[in-house]
> 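Sending over a structure as structure tokens; questions will come in a sec.
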Number of protein chains: 2
Amino acid sequence: MASIHDVAKEAGVSVATVSKVLNDYPDVSDKTRKRVNLAIEQLHYQPNVVARGLVKRRSWTVGVLLTVPFTNPYVAELLEGIKTALENSGYDLVRLSTRFDDPHYSFIKHCRSRNVDGVVVFGVERDNRSIDELIHSDIPTMFVDMDIVGKRAGYITTDNQNAIHKGVKHLYELGHRKIAYISGTLGPSIANMRLEGYRQGLISCGLSYLTNYLEVCDYTFDGGAAAMRRLLALKDTPTGIVCASDLSAFGAIHEIEKHGLSVPQDISVVGFDNTYHAQVFKPNLTTVNQNIYSIGIKSIECLIALIENRDYSPPVIMEPSELIVRQTTGKAKLA
Amino acid sequence: MASIHDVAKEAGVSVATVSKVLNDYPDVSDKTRKRVNLAIEQLHYQPNVVARGLVKRRSWTVGVLLTVPFTNPYVAELLEGIKTALENSGYDLVRLSTRFDDPHYSFIKHCRSRNVDGVVVFGVERDNRSIDELIHSDIPTMFVDMDIVGKRAGYITTDNQNAIHKGVKHLYELGHRKIAYISGTLGPSIANMRLEGYRQGLISCGLSYLTNYLEVCDYTFDGGAAAMRRLLALKDTPTGIVCASDLSAFGAIHEIEKHGLSVPQDISVVGFDNTYHAQVFKPNLTTVNQNIYSIGIKSIECLIALIENRDYSPPVIMEPSELIVRQTTGKAKLA
DNA sequence: CTGAAAGCGCTTACAG
DNA sequence: CTGAAAGCGCTTACAG
């Protein structure tokens, strides 16, 4: 690879001058600028971003902290948004190889060692030790789906409460009065916000909150199926089910069909996420669309703003959601 | 962040000496080694890998070239393997932000600019211009699922032909004699190798190859459904279907059920990939397991071998596959 | 408008 | 065993 010295020699100028044309400094004569550009062309010169980063204390690199698997459809879709937002930004994405089993490992130090300019975090347990380090550091950070702020850290998440609320209301408008909720594991604020959406949804529809209509599972297909099994065992079976994920909704549907009932003729089901399964697998799922892709995009836009502007205050963004009606919800049967 | 100078001053030695203990040089007295390590502890010093990389012309970074979406389940699983293999290797993964719409963009230059030590490529069109650049460059490269070799480039793929062969044989052993194949788009060598597996499978079972039992689709759910629709319209409907992807198999199953038939009572279906849908969605899919995760792991192991050993000749690896029998295949009905 | 010099945080012959 | 010096490929005051 040609270096800046080679270009300087070829163009008959100093490296300082080459650097100036590289960085669009105005105080270079047109003539030398042309000569330098010619030399760059001829030598196929490409500046070494690592060397540049060393002096500018920048790397034009965004680190990602995630511990859940890439196979998680939510994660995959988020990454897709992140990738797209990065495409023309001049930044590359680096997935730091974390070693949390090693007690000496420090994510922050890893970031510093790599001169990472900012970090986007998602799919990480709330109690991961890196999170506190990040909050108190001066490394620009965007959390996704965790309501955490710090000196230079903001977050972005779906408006979870409203989202579930919409699902409940949709079922109510179809005539359903017995509406159950299959929640994800309670604890993380996301899950609690969604549960609150279920409660508020019932209240605003004038329905009462029955504890045996609340089931909890781990967001999986099998978890959704098991939860549905318990709901079907109730004397007073619900006719409308709101789920906290698409996967658990598919599990619930499978269980319903296994019991000889059909969706949506007997029971309506609403999912959550609108991952690509929702439109790919059959029946196509009525679900609340989290704008995951768009969340991915915005997380990067915010992160870059934080990186490039010291005075940018850490953003907190609630992304709206919308209900997408497909094939799994229908009018309630008349009792 | 403390630099190597700070450590040197704290320990009362030269930076050269600090560097030596950092790199485990033997010619350092125990006493100074201890002093230096103490200073490192106290200052929470972490060497700057970027600076080190500048002089060693290394980055301890592996670049990834992929253009298909992260939401592709094959891609997600591969990345999971890659991530795992990288975890304790000392390398981080960087997803280069490619700009192929820009005619001046060069992936190779991008790699050089970032001092990337090696590249793993998958999910890229065969005619992507970077591929040829890569083959002729001295950048260690591993291609996944593309049979391409170069000066310092090898590849790893599933033994596709044998894999499909196994699916055909499985159906034959269950008594099926009318076995159709729903292929993926022909052209890429992967698809052709699989088709050849179908042909050979038929031959070794003493069955003849009927062109109307060959359908082609784009690996998707809808594509599989459409292909199945055409097969069901035949006078002599096949009783066993081998598909080139799990998704198209699910599409086929959906179509079969839509026609009032059931799987596997009326028609048996074999998928390909064993992505996590296969065990999550119902009916659980009989499918050929591509060891995608393991391919991901090995691709990185080979890549690191190529990086760290100039004389390592580019590996070509055919990963074995195995048939996983679940719920979608059964004995052929007696005619 | 141009370039010599110092410096970013490291490593590595080399001399002592 | 230890350290001064040069250098990796850049950028940036600063002097001219």
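Every chain is numbered from 1 and lettered A, B, ... according to where its sequence line falls, protein lines coming before strand lines.
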> CD of B/Glu125: more than 12 outside heavy atoms within 6.0 angstrom?
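Atom CD in B/Glu125 is not crowded, with 12 or fewer foreign heavy atoms closer than 6.0 Å.
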
> Going by atom types alone, do A/Thr157 and A/Asp145 pair a side-chain donor with an acceptor below 3.5 Å?
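A/Thr157 vs A/Asp145: donor-acceptor pair found between side chains.
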
> Is A/Ser3 close enough to D/dG9 that one of its side-chain N or O atoms is under 4.0 Å from OP1 or OP2 there?
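Checking A/Ser3 against D/dG9: no side-chain N or O falls below 4.0 Å of OP1 or OP2.
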
> Check the distance between C/dC10's P and A/Arg114's CZ and give it to me in whole angstrom.
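Answer to the nearest Å: 14 Å.
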
> To the nearest Å, give me how far apart CG (A/Asp6) and C1' (D/dC10) are.
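These atoms are roughly 13 Å apart.
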
> Between P on D/dC1 and NZ on B/Lys31, what's the gap in Å once rounded to a whole number?
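Those two atoms, NZ and P, are 12 Å apart.
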
> Hey, mind stepping through B/Ile82 and B/Val64 against side chain to side chain contact (heavy atoms under 4.5 Å, CB included) and telling me if it holds?
CA-CA 10 Å; B/Ile82 288 175; B/Val64 55; 5.6 Å; no

> Atom CG of A/Leu54 to atom P of C/dC10: distance rounded to whole Å?
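In whole Å, C/dC10 P and A/Leu54 CG are 9 Å from each other.
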
> What's the NE2-C1' distance between B/His5 and C/dG9, to the nearest Å?
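About 8 Å, once rounded to whole Å.
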
> Salt bridge or not between A/Arg152 and A/Asp138? Use side-chain N to carboxylate O under 4.0 Å.
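No, no charged N to carboxylate O under 4.0 Å.
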
> First locate atom CD1 of B/Ile307, then atom SG of B/Cys302, and finally report the distance between them rounded to the nearest 0.5 Å.
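Rounded to the nearest 0.5 Å, the CD1-SG separation comes out at 11.0 Å.
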
> Measure the CD-CG distance between B/Glu41 and B/Asn37 for me, rounded to the nearest 0.5 Å.
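Here the interatomic distance stands at 7.5 Å.
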
> Defining pairs by Watson-Crick or G-U wobble geometry with both distances under 3.5 Å, how would you list the stems of DNA chain C with at least three pairs each?
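As far as DNA chain C goes, consecutive pairing (with distances under 3.5 Å) yields the stems C:1-3 with D:14-16, C:5-12 with D:5-12, C:14-16 with D:1-3.
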
> Atom pairs under 3.5 Å, N or O on each side, protein against nucleotides 12-15 of chain D: can you list them with distances?
from   : atom 1 : to      : atom 2 : distance (Å)
D/dT12 : OP1    : A/Lys56 : NZ     : 3.1
D/dT12 : OP2    : A/Tyr25 : OH     : 2.6

> Return no unless some side-chain N or O of A/Ser29 is found under 4.0 Å from OP1 or OP2 of C/dC1.
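No, no such contact exists.
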
> Assuming nearest nucleotide by heavy-atom distance, tell me which of A/Val18 and B/Ser14 is located more 5' along DNA chain D.
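In this pair, the answer is B/Ser14.
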
> With a 4.0 Å cut-off on heavy atoms, is A/Val13 in touch with a base, just the backbone sugar-phosphate, or nothing at all?
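Sugar-phosphate contact only.
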
> From A/Lys20 NZ over to A/Ser14 OG, what is the distance, rounded to the nearest 0.5 angstrom?
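Reported to 0.5 Å precision, the distance equals 7.0 Å.
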
> Within the pair B/Thr17 and D/dT2, is there a side-chain N or O less than 4.0 Å away from OP1 or OP2?
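Indeed not, no polar side-chain atom of B/Thr17 lies that close.
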
> Under the criterion side chain to side chain contact (heavy atoms under 4.5 Å, CB included), I'd like the reasoning laid out for A/Glu10 against A/Tyr45: C-alpha separation, chi angles, the key distance, then a yes or no.
CA-CA 11 Å; A/Glu10 177 74 22; A/Tyr45 171 71; over 6 Å; no

> Does B/Arg52 have a side-chain nitrogen or oxygen under 4.0 Å from the phosphate oxygens OP1 or OP2 of C/dT11?
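For B/Arg52, the contact criterion (side-chain N or O under 4.0 Å from OP1 or OP2 of C/dT11) is met.
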
> Rounded off to whole Å, could you give me the NZ-to-C1' distance for the A/Lys9 and C/dG3 pair?
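The answer, rounded to whole Å, is 17 Å.
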
> With rounding to the nearest 0.5 angstrom, report the OG to NE2 distance, B/Ser106 to A/His44.
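Rounded to the nearest 0.5 Å, the OG-NE2 separation comes to 10.0 Å.
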
> Please tell me if B/Arg57 has a side-chain N or O lying less than 4.0 Å from either OP1 or OP2 of D/dG9.
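So the side chain of B/Arg57 is within the cut-off, an N or O lying under 4.0 Å from OP1 or OP2 of D/dG9.
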
> Can you list, by residue number, the residues of residues 33-46 of chain B that have a non-hydrogen atom closer than 4.0 angstrom to DNA chain C?
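B/Tyr45, B/Gln46, in order of number.
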
> Any Lys/Arg nitrogen of B/Lys83 or B/Glu80 sitting under 4.0 Å from an Asp/Glu carboxylate oxygen of the other?
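The answer is yes: the pair qualifies as a salt bridge.
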
> May I ask you to decide if A/Glu77's main-chain N or O and B/Thr71's side chain share a donor-acceptor pair within less than 3.5 Å?
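Absent.
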
> Rounded to whole Å, please give me the gap between CG in A/Leu22 and C1' in D/dT11.
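One finds 10 Å between C1' of D/dT11 and CG of A/Leu22, rounded.
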
> Looking only at heavy atoms, what is the nearest atom pair of A/Ser97 and A/Tyr105, with distance?
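Shortest heavy-atom contact: O-OH, 4.0 Å.
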
> What is the distance from CD1 of A/Ile4 to P of C/dA4, rounded to the nearest Å?
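Answer to the nearest Å: 14 Å.
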
